[in-house]
Protein chains: 2
Amino acid sequence: MELQQLRYVCAVADTGSFSRAAERCQIAQPSLSQQILKLEEDLDAKLFDRLGRSIRLTEAGRAFLPHARSVLQNVEAARSSVAVQQLDVRGSVAVGVIPTIAPYRMPGYTARFTEKFSQARMRIVEDMTPALVEGLRDQSIDLAILALPLRHKDLEVIPLCTEPVFAALPRDHPRAGSDSLSLNDLRGEPFVMLRDGHCFRDLSIAACSSARITPNIAFESGQFSSVLAMVGAGVGISMVPEMAVDPGAACCYTRLSDARARRTIVLASLRGRTFNLVQNAFADVVTAMEHTRRHDLSSP
Amino acid sequence: MELQQLRYVCAVADTGSFSRAAERCQIAQPSLSQQILKLEEDLDAKLFDRLGRSIRLTEAGRAFLPHARSVLQNVEAARSSVAVQQLDVRGSVAVGVIPTIAPYRMPGYTARFTEKFSQARMRIVEDMTPALVEGLRDQSIDLAILALPLRHKDLEVIPLCTEPVFAALPRDHPRAGSDSLSLNDLRGEPFVMLRDGHCFRDLSIAACSSARITPNIAFESGQFSSVLAMVGAGVGISMVPEMAVDPGAACCYTRLSDARARRTIVLASLRGRTFNLVQNAFADVVTAMEHTRRHDLSSP
DNA sequence: TACTAGGTATAGGCTTTATCTATGGAACTC
DNA sequence: GAGTTCCATAGATAAAGCCTATACCTAGTA
């Protein structure tokens, strides 16, 4: 049984004639005849009585016809369900973001995105990198904004920006106000760091390692605002990415010259995944905003 | 979109793998891959994400899948609706019969038929030939039992029996008790005849014409029982087919030797029509019973 | 790193089949 | 009785489905 055959049956039932049905179906009459015969053979039942000039449904035909119509309607429903889904601006997107980016970027992303897609359902998950990677894999989140390095080959990343890392020093620190600073200059200082699990902690420690420093960690916190507060209180020094630099905190910031003192933010997704309209749009917003930011910074 | 493609999609969704789906569908994996790709192209949407080893439905796929399953179920429903209809012993049959046969044969037919098909719905229409022919054409009746001649090329007839015609004479008629009689012997007698419209009236008049008689019609009635009663009362003579011969009536019967004095009963149906199980069974019962009757009459 | 295994996409050939044109045959019309 | 209409049949052609072989990719492993 083929869908074409069902279309032909319906056409014959509607027009009451093989010839007119063939015309409506845009095929030659013998082709339609053959397909009807083939279907009848397949079903082992005649569907039409050929009574000279007129064609009439047999009882089997009357039993079959509503099902045939139903199948064809269903096929159209299947087709349009996909089309609607493809264009649906009410789709949903789940975005993961690490805590050391979330407060600085997500408000801007979501505001811009919601302007254009007010009907979309958006879910934001703030968690650390391993949880987000897992989320991408099990598709509980669609996109993630996080920092390199990422050594998962099943993920696809789009670079968003690379930002310098700044040393955060108490205002009364001897090096406060320096034009330039490297980690080597901070050897032996007590460090305030993010808690274990934060990728920026790993980045910081890796940068220290490159500078042959084993940091002496005096305090740990889960967020930069606490870190900066502790630095301002003189507990130690720290490193923060540019976006976390807060002039309101009682710290001095100096850009670190170390090659490793850079953080690259990326938009990550599962390699090979397909996205809906809303998900693609969110990704577009994020990349466009970061592109604009680079442009704004470099031009003036 | 083809039904095969829908089967493949369901198989992939069920097994989570193109290879296993191909195995289940009894085809080579590339063939299945091609068909899925073709469908995706047709729908202009990816249905599956190929993520290395595992396959997952996209959102479009999730939207599409239930419709695909529904279509396939519907196709099966269509197929089985025909199969059930073909085998349904609860089908219906409408049988037309002319009044000059009905009382003599229908009781036997229906009794035998109902024995085997107690669940069938049977409708019996007793009317004269033109109405029955019209009924066959508009399919308000499926089969008709009537007498030749029938010169409608759109009808198909199966002969059931050919019976002699008897002269019915009052018991005190001079020719009553004759071994042999022809219409010529009855020239000038007053005739009792069926009313206009009955085909046996036409047959009777045609037989008279062949014998060069223009019957003088003294009385007309709608049924043989009245005819015979009038004959017995001496109103006139008449002609009746063998099955109408009633020893209980006050008549003498003598077989007419005229070549035209014969009635052929047939089972008629619309040429090219298709019958359900019950209709075929009724036709079988009728022909079998008439065949048996001929056999019973000829053998002893 | 290289190699194997598991899985999908691509390429090329073969076979089936849906469609076409031309024609036959039956029934209806003028 | 010729012409028309309509469905079925026959033979040819072109498309499409399926096959085998193979390339390609990822993941796991020596």
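Counting to the nearest Å, the P atom of D/dC6 and the CG atom of A/Asp49 are 18 Å from each other. Protein atom CG of A/Leu32 is 14 Å distant from nucleotide atom P of D/dC6, rounded to whole Å. Rounded to a whole Å, the CD atom of B/Gln4 is 12 Å from the P atom of C/dT17. The separation between A/Arg24 atom CZ and D/dC6 atom C1' is 18 Å, rounded to whole Å. Whole-Å rounding puts the B/Arg137 CZ to C/dA27 P distance at 13 Å. Note: CZ (B/Arg7) to P (D/dG17) measures 13 Å, nearest angstrom.
Every residue two or more places apart in sequence or in another chain that forms a side chain to side chain donor-acceptor pair (under 3.5 Å) with B/Glu163 is listed here: B/Arg263. Among residues two or more places apart in sequence or in another chain, the side chain to side chain contact (heavy atoms under 4.5 Å, CB included) test is passed with B/His152 by B/Val133, B/Arg137, B/Leu150, B/Asp154, B/Leu155. For the side chain to side chain donor-acceptor pair (under 3.5 Å) test, residues two or more places apart in sequence or in another chain that qualify with A/Thr162 are A/Thr264. With sequence neighbours left out, the salt bridge (Lys or Arg N to Asp or Glu O under 4.0 Å) criterion links B/Arg90 to B/Asp88. Under the side chain to side chain donor-acceptor pair (under 3.5 Å) criterion, B/Gln34 pairs with no residue, sequence neighbours left out. With sequence neighbours left out, B/Ser33 forms a side chain to side chain donor-acceptor pair (under 3.5 Å) with B/Gln29.
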Determine, for nucleotides 1-14 of chain C in 5'-to-3' order, which nucleotides have protein heavy atoms under 4.0 Å from the base (write B), from only the sugar-phosphate (write S), or from neither (write -). ------SBBB----
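Checking the phosphate oxygens (OP1, OP2) of C/dT19, a side-chain nitrogen or oxygen of A/Tyr8 falls inside 4.0 Å.
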Distance-only donor-acceptor pairs under 3.5 Å for side chains of residues 122-131 of chain B, two or more places apart:
unit_1, atom_1, unit_2, atom_2, d
B/Arg123, NH2, B/Ser140, O, 2.5

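Axis angle across the helix from C/dT1-D/dA30 to C/dC30-D/dG1, with five pairs used at each end and values rounded to 10°: 10°.
At a threshold of 4.0 Å, the pair B/Asp142-B/Arg273 counts as salt-bridged, since one of the basic side-chain nitrogens sits closer than that to a carboxylate oxygen.
Between C/dT19, D/dT26, D/dA16, one nucleotide has an atom nearer to the side chain of B/Lys38 than all others, and that is D/dA16.
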